[in-house]
Protein chains: 2
Amino acid sequence: MDPFIAHLNAISPLTAEALKDLSSRFKYTSFKRGEIINQEGTICRRLFFINKGLVKHYYIHKDRKFIVRFFSENNVFTVLDSFILQTPAVFTTIAIETTEITMLSYEDIEELCKKHHCFETIIRKIFGMAATINLKRIKEMFDGDATELYESFIIEYHDLLQRISLGDIAGYLGISQVTLSRIRAKP
Amino acid sequence: MDPFIAHLNAISPLTAEALKDLSSRFKYTSFKRGEIINQEGTICRRLFFINKGLVKHYYIHKDRKFIVRFFSENNVFTVLDSFILQTPAVFTTIAIETTEITMLSYEDIEELCKKHHCFETIIRKIFGMAATINLKRIKEMFDGDATELYESFIIEYHDLLQRISLGDIAGYLGISQVTLSRIRAKP
DNA sequence: TTGATTTTTTAACATATGTAAAAAGAAAAT
DNA sequence: ATTTTCTTTTTACATATGTTAAAAAATCAA
């Protein structure tokens, strides 16, 4: 079974009809390491599912690079605000590794939501989870000094650690790479 | 027309049937200044709509008080993660002013979502907006030194400024009240 | 292997912000 | 009006973290 379908179906079951309608709208693509998936300033018109690979959302502010979030295989992602409001993205999305993707357009999502109640339930839950995850991140950003941030990052992103550079980790934590090195250096 | 109904209907139109079902489930209550609406550690079982008043989500970490968000009249709120996952809240919700509320229980929301596609559409959009708002806050927290944070706060919360203490503003910005005073002091 | 490029660490210095405590000011209570 | 309480500002000091630059280590290409 297609992993994207399986993923959605696990969130909330799809009717046979919705499933058929849904699959017929899938588009497939892939991005090489370093390729831009969605550029800051352009509207994100798709919802993505990662079959394989690793992606980051980031932006530059005053010469510092901040990483909003990483997404890896078997996860849905989009540039949330840009997708929902259909406004220009304030983040750039880029492939950290070669990444294979299945996607749905904004119009397809809207149509599927309208036609299939079961699909709208899934999107409702996905957005709810996204809101929850973002809220958790706000709390983390408040809580910690850099050391704590790094420690919880290691736990939360344990399985991705080897695939993410220290520069990117620093960017995710909102600290300089120098600070990150200092933290790692101390016993 | 009931302001909560008007609010929901403006997000996405309700059918007459859904509207009737919905209204019959409303519960009303109010909280005095300083009263706890939902205590940290208890599951938040309701979605709230503020008819009048002002509320904050906060939590204590290492003796510092962080304010996650303010909510004022004509807005929906809940302890998002606690409500969605029905797990104990990590924030306390408290009334800053005397606050009048209309509310729906978790079970009612789930039932309304199941019975009325139009209602699920509304909740989908509310969660989507919540996710977007939280994402925006993450970006703000990254971006700014304390001064910038304060300046954007003044703009964003302009109409609530007189109703929020400087201590609470500092808590929202994640800085000490001393730092906030310093910022306000300089030309 | 060797050289080139990228990533990570280390050093020196400047500064923003936290902590603690006291003073000043405003609001509430009697 | 006077006292009490709460809020805000100010001062002095300690420290975490940013910046810049250079060195070291690791990775990649030829």
Side-chain angles (χ1 to χ4, degrees), chain A residues 32-36 54 56 58-67 70 94-98 138-154 157 160-187, chain B residues 32-36 53-54 56 58-67 70 92 94-98 138-154 157 160-187:
Chain A
K32 291 197 200 97
R33 173 179 160 74
E35 269 192 288
I36 289 175
L54 184 58
K56 67 182 172 192
Y58 77 92
Y59 71 101
I60 308 279
H61 181 73
K62 292 186 179 167
D63 283 336
R64 295 178 64 189
K65 188 173 187 169
F66 295 99
I67 289 165
F70 301 102
I94 200 172
I96 295 181
E97 303 171 354
T98 300
I138 291 170
K139 184 171 185 306
E140 280 170 7
M141 288 174 78
F142 267 137
D143 278 356
D145 57 13
T147 306
E148 286 177 89
L149 284 177
Y150 177 62
E151 280 161 2
S152 40
F153 180 84
I154 287 181
Y157 282 87
L160 295 183
L161 266 190
Q162 288 69 11
R163 298 159 68 185
I164 302 177
S165 76
L166 292 177
D168 276 353
I169 292 176
Y172 180 87
L173 303 179
I175 63 179
S176 72
Q177 192 171 337
V178 175
T179 300
L180 181 56
S181 260
R182 279 197 276 249
I183 290 165
R184 288 161 53 85
K186 67 183 176 190
Chain B
K32 290 197 201 99
R33 171 179 161 76
E35 270 192 288
I36 289 175
L54 184 58
K56 67 181 173 192
Y58 77 93
Y59 70 102
I60 308 279
H61 181 74
K62 293 187 177 165
D63 283 335
R64 294 178 64 189
K65 187 174 188 169
F66 294 99
I67 289 165
F70 301 102
T92 295
I94 200 172
I96 295 182
E97 302 170 355
T98 301
I138 291 171
K139 185 172 184 305
E140 279 170 7
M141 288 174 78
F142 267 139
D143 277 356
D145 57 11
T147 306
E148 287 177 87
L149 285 176
Y150 177 62
E151 280 161 2
S152 41
F153 180 85
I154 287 181
Y157 282 86
L160 295 182
L161 267 190
Q162 287 69 11
R163 297 158 69 184
I164 302 176
S165 76
L166 291 178
D168 276 353
I169 292 176
Y172 180 86
L173 303 180
I175 63 178
S176 72
Q177 193 172 336
V178 176
T179 300
L180 181 55
S181 261
R182 279 197 276 249
I183 290 165
R184 287 161 54 85
K186 67 183 176 191

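These numbers come from the heavy atoms of this one structure, side chains and all, not from hydrogens, waters or symmetry mates. Order of the sequence lines sets the chain letters (A, B, ...), proteins ahead of strands, with each chain counted from 1.
Residues that satisfy the ring-ring contact (aromatic ring centres under 6.0 Å, His included) test with Tyr58(A), not counting sequence neighbours, are absent from this structure. In terms of the salt bridge (Lys or Arg N to Asp or Glu O under 4.0 Å) criterion, residue partners of Lys62(A) (sequence neighbours excluded) are, by chain and number, Glu148(B). Under the ring-ring contact (aromatic ring centres under 6.0 Å, His included) criterion, Phe66(B) pairs with Phe142(A), Tyr59(B), not counting sequence neighbours. Residues meeting the salt bridge (Lys or Arg N to Asp or Glu O under 4.0 Å) test with Arg64(B), sequence neighbours left out: none.
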Checklist entry - Which letters describe nucleotides 13-30 of chain D, given B = protein heavy atom under 4.0 Å from base, S = only from sugar-phosphate, - = neither? => result ----BBBB----------

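Across all non-hydrogen atoms, the minimal contact from Ile175(A) to Ala146(A) is CG2-CB, 3.9 Å. Taking both residues in full, the closest heavy atoms of Gly53(B) and Arg163(B) are given as O-NH2, 3.4 Å, listed atom of the first, atom of the second, then distance. In terms of heavy-atom proximity, Gly167(A) sits nearest to Gln177(A) at CA-OE1, 3.5 Å.
Protein atom CZ of Arg33(B) is 12 Å distant from nucleotide atom P of dA27(C), rounded to whole Å. In this structure, Leu161(B) atom CG and dT7(D) atom P are separated by 17 Å, rounded to whole Å. Straight-line distance from the CG atom of Asp63(B) to the P atom of dA21(C): 13 Å, rounded to whole Å. When the C1' atom of dT7(D) is taken as reference, atom NZ of Lys65(B) falls 13 Å away, rounded to whole Å. At whole-Å resolution of the value, CG in Asp168(A) and C1' in dT7(C) are 11 Å apart. What separates CD of Gln162(B) from P of dA27(C) is a distance of 13 Å, to the nearest Å. When rounded to the nearest whole Å, the span between OH of Tyr150(B) and P of dT17(C) equals 14 Å. Note: CG (Leu149(B)) to P (dG18(C)) measures 11 Å, nearest angstrom.
Residue Ser181(A) is classed as a base contact, given a heavy-atom separation below 4.0 Å to a base.
End-to-end axis angle of the helix from dT1(C)-dA30(D) to dT30(C)-dA1(D), using five pairs per end and rounding to 10°, comes to 50°.
Within a 6.0 Å radius of CZ in Arg33(A), other residues, nucleotides and ligands contribute 12 heavy atoms or fewer.
Taking 4.0 angstrom as the limit, Arg184(A) places none of its side-chain polar atoms (N or O) nearer than this to OP1 or OP2 of dT8(C).
Between Tyr172(A) and Phe153(A), the ring planes are tilted. Angles from 30° to 60° get that label.
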